[in-house]
Amino acid sequence: MKTSAIAHSNIAFIKYWGRSSEHDPELNIPMNDSVSMTKDGLLPDIRLKTHTTIEFCASFAQDSAVVNGDPAEGRGLERIVKIVDPLRRLARINDRFRMLSINDFPTQAGLASSASGFAALAMAAAAALKLELSKEVLSTLVRLGSGSAPRSLYSGFAYSYRGTTHETSFTEQICGPEKLNIRAIIAVIDEEKKKVTSDDGHAFSGTSPFNVIRISESREQAQRIRKAILEDDFSIVGSIAEQNCKLMHAVMITAQPPLYYWDAGTIRVIKKIDALRREGLECYFTIDAGPNIHCLCRPENMEMLKEQLSKTEGVKRIIPVKPGEGARVIQEHLF
Ligand code: PMV
């Protein structure tokens, strides 16, 4: 029972930040709907994907996992088991597992490695256990690992519903990768692991006075951006995504304790994008829980932006991306 899967990371246009306090925090029911684009890296060695192999066997003494060469322990292993356990229950199998997972990009640096990781894990584990689940049902289980991860199950663009129960807090595809003609250029400012993970950061969101505003704005923005994606309206998509990102960082900065994810290089890139837009080059930014920036643009402006961003002080390197494919089972195993 050995199976492998790959999944790509995703970037949220409408961010999930904070878990619903009305539910068990372990359920990861988000405070608001979120909207994302699954990413395919355009560098030959960085496709922004996780490749995972999992094997179940009655003779294994315990569950074990190695992620990017490091054995998963404590909270890391717990989050993996949180996804695998319900699948084992559905399959009525009690075998322990061995799992190996490799990312082709920096882990936990605000590039959504948890998203691709949990999506690939769930795809591989469900297939190994011979479960035939719809992606919507699988999305509820992936959410138990990380709230942004279910979106990586889908090609193109995805919509996560906040929902009111475990079952209704699911994710669906908005449309495939071709519908919206968009590219993103990731300006990498820092590839180190962040000091406060998003898993911990969510807990402080409710302490910010801006949290209520962010949630009500996000509700309305999620509806408008879904429509704009389907109509290939890049200006609306970009401007809503940028505004939603600023709302999330306003909440982070004003939380107790405050979370400052931006570096000096982050601000330089923000100002560069703002200046280029004023000069007529249409581009927008969005930033997750880290210092790295995604610059959103139309394909025809990508070369010009790559040049401009790579020479901005503080940018270590750039990774261009296009809308990518969803999680899928593959035949190449890692062990
Ligand atoms: O899924 P988590 O717990 O890694 O949280 C994701 C948080 C953000 O990346 C900042 C926003 C998002 O919706 O992806």
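Ligands are counted one by one from 1 in listed order, and the atoms in each one are counted from 1 as well.
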Looking only at atom types and distance, does a side-chain atom of [X] sit under 3.5 Å from a main-chain N or O of [Y], one as donor and one as acceptor?
X    : Y    : value
H249 : I287 : yes
N68  : N103 : yes
R19  : P30  : no
T197 : D200 : yes

Does any N/O atom on [X] come nearer than 3.5 Å to any N/O atom on ligand 1?
X    : value
W17  : no
S198 : yes
S34  : no
K15  : no
H202 : yes

Can you list the atoms of ligand 1 that are under 4.0 Å from a heavy atom of [X]?
X    : value
G147 : 1 (O)
S146 : 1 (O), 2 (P), 4 (O)
S114 : 4 (O)
A289 : 10 (C)
A12  : 12 (C), 13 (O), 14 (O)
M248 : 10 (C)

Exercise. Output all residues satisfying side-chain contact (heavy atoms from CB on, under 4.5 Å) with E55, sequence neighbours left out; order by chain, then residue number.
Key: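 By the side-chain contact (heavy atoms from CB on, under 4.5 Å) rule, E55 matches K2, F60, F335.
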Quiz prompt | Residues which pass side-chain contact (heavy atoms from CB on, under 4.5 Å) with V66, listed by chain and number, not counting sequence neighbours | solution =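 Applying side-chain contact (heavy atoms from CB on, under 4.5 Å) to V66 gives L100.
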Exercise. Could you check if a side-chain atom of D288 sits within less than 4.5 angstrom of a side-chain atom of I11, using non-hydrogen atoms only?
Key: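 The answer is yes; the side chains approach within 4.5 Å.
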Quiz item: Do you know which two heavy atoms are closest between E26 and L144, and how far apart they sit?
Solution: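 Smallest interatomic distance, heavy atoms only, reads O-CD2, 4.0 Å.
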Quiz prompt | Per atom 6 (C) of ligand 1, closest listed option by heavy atom (S148, S218, A149) | solution =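 Residue with the shortest heavy-atom distance to the ligand atom: S148.
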Quiz prompt | Shortest heavy-atom approach to atom 14 (O) of ligand 1 - which of R143, R19, R151 | solution =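 Heavy atom nearest to atom 14 (O) of ligand 1 belongs to R151.
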Practice problem: Check the angle between the aromatic planes of H202 and W17 and answer parallel, tilted or perpendicular using the 30° and 60° thresholds. | Solution: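 The arrangement is tilted - the two ring planes meet at 30° to 60°.
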